[in-house]
Amino acid sequence: MMFGLMSLGAQAQEKDSFKYADESFADIQMLRYKVEGFDELSLSQKTFIYYLYEAALQGRDILFDQNGKYNLRIRKMLETVYTQYKGDRNSADFKALEVYLKRVWFSSGIHHHYGCEKFVPGFSADFFRSALKSVDAKQLPLAKKQTVDQLCDEIFPVIFDAKIMPKRVNQADGEDLILTSAENYYDGVTQAEAEEFYNKMKEGAGDQPVMFGMNSRLVKKNGKIKELVWKEGGLYGSAIKNIVKYLQLARPYAENDQQKKVIDKLVEFYKSGSLKTFDEYSIEWVKDLNSRVDFCNGFIESYGDPLGLKSSWESIVNFKDLQATKRTETISSNAQWFEDHSPVDPRFKKEKVKGVSAKVITAAVLAGDLYPSTAIGINLPNSNWIRSVHGSKSVTIGNLTDAYAKAAHGNGFREEFVIDKEMIELLDKYDSQTDDLHTDLHECLGHGSGKLLPGVDADSLKAYGSTIEEARADLFGLYYMADPKLLELGLLSDKDAYKAQYYSYIMNGMLTQLVRIELGNDIEEAHMRNRALISWWAYENGKADNVIELVKKDGKTFVKINDFQKLRALFGKLLAEIQRVKSEGDFEGAKALVEKYAVKINPEIHKEIKERYSKLNISPYKGFINPVYTAVKDAKGNITDVKISYGEGYAEQMLRYSKDYSTLPYINE
Ligand code: ZN
């Protein structure tokens, strides 16, 4: 599982000239992240990271191919024209091709990374055909004996015909989700055939099943259905062979024997494709808690498969942020105090609560399905039985949230939506600090607090369950954000800091999160529903005391908070009620709360907020350019240092990756 961006905070002055915000195109803004602390690592740790970084980049082509069977060829055609075209590079057609190529790089394919719909090219087919015919044909991904015209005839419908492969992942109920999705996880099979194939496998698998189907393409050939497994010597074998090579080069620099075991199991899995081995690897990985450097490299998340079985390839290499991790450890080790003092009915409290010690990490490189668009937190492994028997590791990626916040500073968002100068100043000062702390309280304590009454089914809230659960965790954090205990523990630096969090939370929940929703639609996503629920409930229930006001200035709506302490009391009251709903499995209670406060949007406010936001020209999606690591070697080839640099441009980086890390053939089976 992974989690995304919660709110767009911003932090005070940048200390140096490092530029967090880079170029924008289409609906994307590119950012950079800083790998703070890399230079202080030991040579051995740096070398370890360097080889893992190479292993991460070697897998890039896999995701392109998983996202669609023509993606690698289309990328190569576009790149060849982009680098070699001798015609007018300022023409509208060429400029549109450049934007299209940047989007293809960003999405690892021809469909939107988030919405999954196919891109509409802004250049003509005629232009592209003549441009392809003008470049060196040897650079083009031609099939055997294929002419450039034949290549165009084969590929152009995929690019230009809106009816062909319109969606990467189709989730529309009632359609054959496999036949109508363009991802490349299935070939020639229907949804019913795939489900039957895997249901049969699951029968009799016991209570510790492997994740069936996770690492293969399911194909039907000559009437027979079989899996083509992604492994060395199998499908994607040439990329995997390179990944394995760099994992093995990294191995001697692992920090301890446990970490060596992790690498050995991962290599064994890549060589055999055995899912049993993958489970063994996951268990070893969960146990590796003492290493400073950590990494994922493999088939991890299944959001790209409409059936949720096949895992996309990704990699992240990271190291622990020691100072920030101290913060989460402080919270965790005081978990019982927080549970005992919560405003919840004692019947619903845990007698013994164990805080989750989420660590804060610094990302060193992002790859595959984490690049350029990325999660800001990860909780793995995904296997349910391993999570319950062996636990999981939960991380938040500190240098990425930091980069988002710094890049957002000065984009005009606060000036537009925050009520007055005093509040803007308070947010500039404390919002980044309290945002991080709220996330920690939510993850380390909120989700783990409270208990169900005996005999209550964990699923009794059904479709309302995740909204209620997120609200519970958020409220736990909000309630304690204003507690003097946080000052005492050294987690907050000022007694008024919590006000920044309260203000931005309510503003987001009532107003600004609406910018992500189309006019006329309801709120659907659980985290968004939870924020609306908390904010509008507090607004309605605080009305008698005028706790929160919506004020109009020059025709614009603003949130005004008149009494922060009363707002805290309201959060406590709602937390107690939400915990009761959860503990008793009160479906009707959950339904009433969610339907009343969290689903419907006031259409006038919605329209106003979206109009104000669109004037700011803020790109709705962001992604990151990686830093470049260079190994310094002595005459014998030993690494004597690893240098990090940040200057590489977006197109430059993508072209270099395509040149140095094209590990798969353009035509795969
Ligand atoms: Zn949560």
Side-chain angles (χ1 to χ4, degrees), residues 4-15 18-22 24 27 29-33 376 398 400-439 474 477-478 481-482 492-494 496-517 527-528 531-532 534-536 538-539 548-562 564 567 605-622:
L5 200 54
M6 304 247 237
S7 70
L8 292 171
Q11 203 176 9
Q13 308 80 27
E14 288 169 29
K15 279 183 212 78
F18 181 89
K19 271 264 200 351
Y20 290 91
D22 203 273
S24 298
D27 54 358
Q29 179 173 32
M30 295 308 304
L31 308 177
R32 290 173 190 280
Y33 58 97
I376 56 163
L400 298 186
T401 51
D402 191 47
Y404 278 125
K406 295 232 171 77
H409 189 67
N411 66 8
F413 182 82
R414 274 188 188 161
E415 289 70 16
E416 177 61 37
F417 290 107
V418 176
I419 186 154
D420 53 31
K421 255 185 114 178
E422 289 70 45
M423 189 48 75
I424 292 175
E425 273 167 25
L426 197 74
L427 289 171
D428 282 348
K429 228 165 152 181
Y430 298 118
D431 190 43
S432 176
Q433 183 187 29
T434 55
D435 240 12
D436 285 348
L437 188 55
H438 185 253
T439 305
D474 261 1
L478 287 167
M481 188 62 68
L492 277 183
S493 56
D494 189 287
D496 285 331
Y498 80 93
K499 292 179 182 171
Q501 177 68 17
Y502 278 21
Y503 189 86
S504 65
Y505 193 93
I506 299 290
M507 178 181 84
N508 189 34
M510 290 180 86
L511 305 179
T512 48
Q513 71 167 350
L514 300 178
V515 302
R516 297 200 218 165
I517 298 176
H527 294 84
M528 293 181 82
R531 288 177 219 133
I534 293 173
S535 306
W536 284 101
Y539 173 74
I548 302 170
E549 245 183 296
L550 283 179
V551 298
K552 284 255 185 197
K553 285 202 292 186
D554 310 324
K556 295 176 177 178
T557 311
F558 294 89
V559 162
K560 184 163 180 249
I561 298 179
N562 293 312
F564 284 92
L567 180 53
I605 289 186
H606 195 184
K607 191 161 163 273
E608 178 205 314
I609 297 298
K610 280 190 76 100
E611 276 172 9
R612 286 163 67 189
Y613 185 75
S614 70
K615 285 193 191 129
L616 299 174
N617 281 319
I618 299 172
S619 312
Y621 302 102
K622 326 257 185 227

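FYI, the numbering just counts along the sequence from 1. Keep in mind that this is a model prediction, so the values were computed, not measured.
- Note that OG1 of T434 is 10.5 Å distant from OH of Y502, once rounded to the nearest 0.5 Å.
- Atom-to-atom distance recorded for F413:CZ and T512:OG1 is 4.0 Å, nearest 0.5 angstrom.
- Look at K615 and E611 and you find no salt bridge, because none of the NZ, NE, NH1 or NH2 atoms lies under 4.0 Å from a carboxylate O.
- Checking L478, I506, L427, L492 one by one against Q501, the side chain to side chain contact (heavy atoms under 4.5 Å, CB included) holds for a single residue, L478.
- Atom CG of D420 is separated from atom NZ of K560 by 8.5 Å, given to the nearest 0.5 angstrom.
- Between K429 and D494 there is no salt bridge, since no side-chain nitrogen of the basic residue lies less than 4.0 Å from a carboxylate oxygen of the acidic one.
- With respect to the salt-bridge test (charged N to carboxylate O, under 4.0 angstrom), the residues E425 and R414 do not qualify.
- Looking at I376 and T439, their side chains never come closer than 4.5 Å, going by heavy atoms from C-beta outward.
- Heavy-atom minimum distance, N508 versus R531: ND2-CD, 3.6 Å.
- The closest side-chain heavy-atom distance from K556 to E416 is below 4.5 Å.
- Counting all heavy atoms, side chain and backbone alike, I548 lies closest to S535 at CD1-O, 4.4 Å.
- The closest side-chain donor-acceptor pair between S504 and D431 falls under 3.5 angstrom.
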Residues Y503, Y505; criterion ring pair (Phe, Tyr, Trp, His ring centres under 6.0 Å); working and verdict: CA-CA 5 Å; Y503 189 86; Y505 193 93; over 10 Å; no
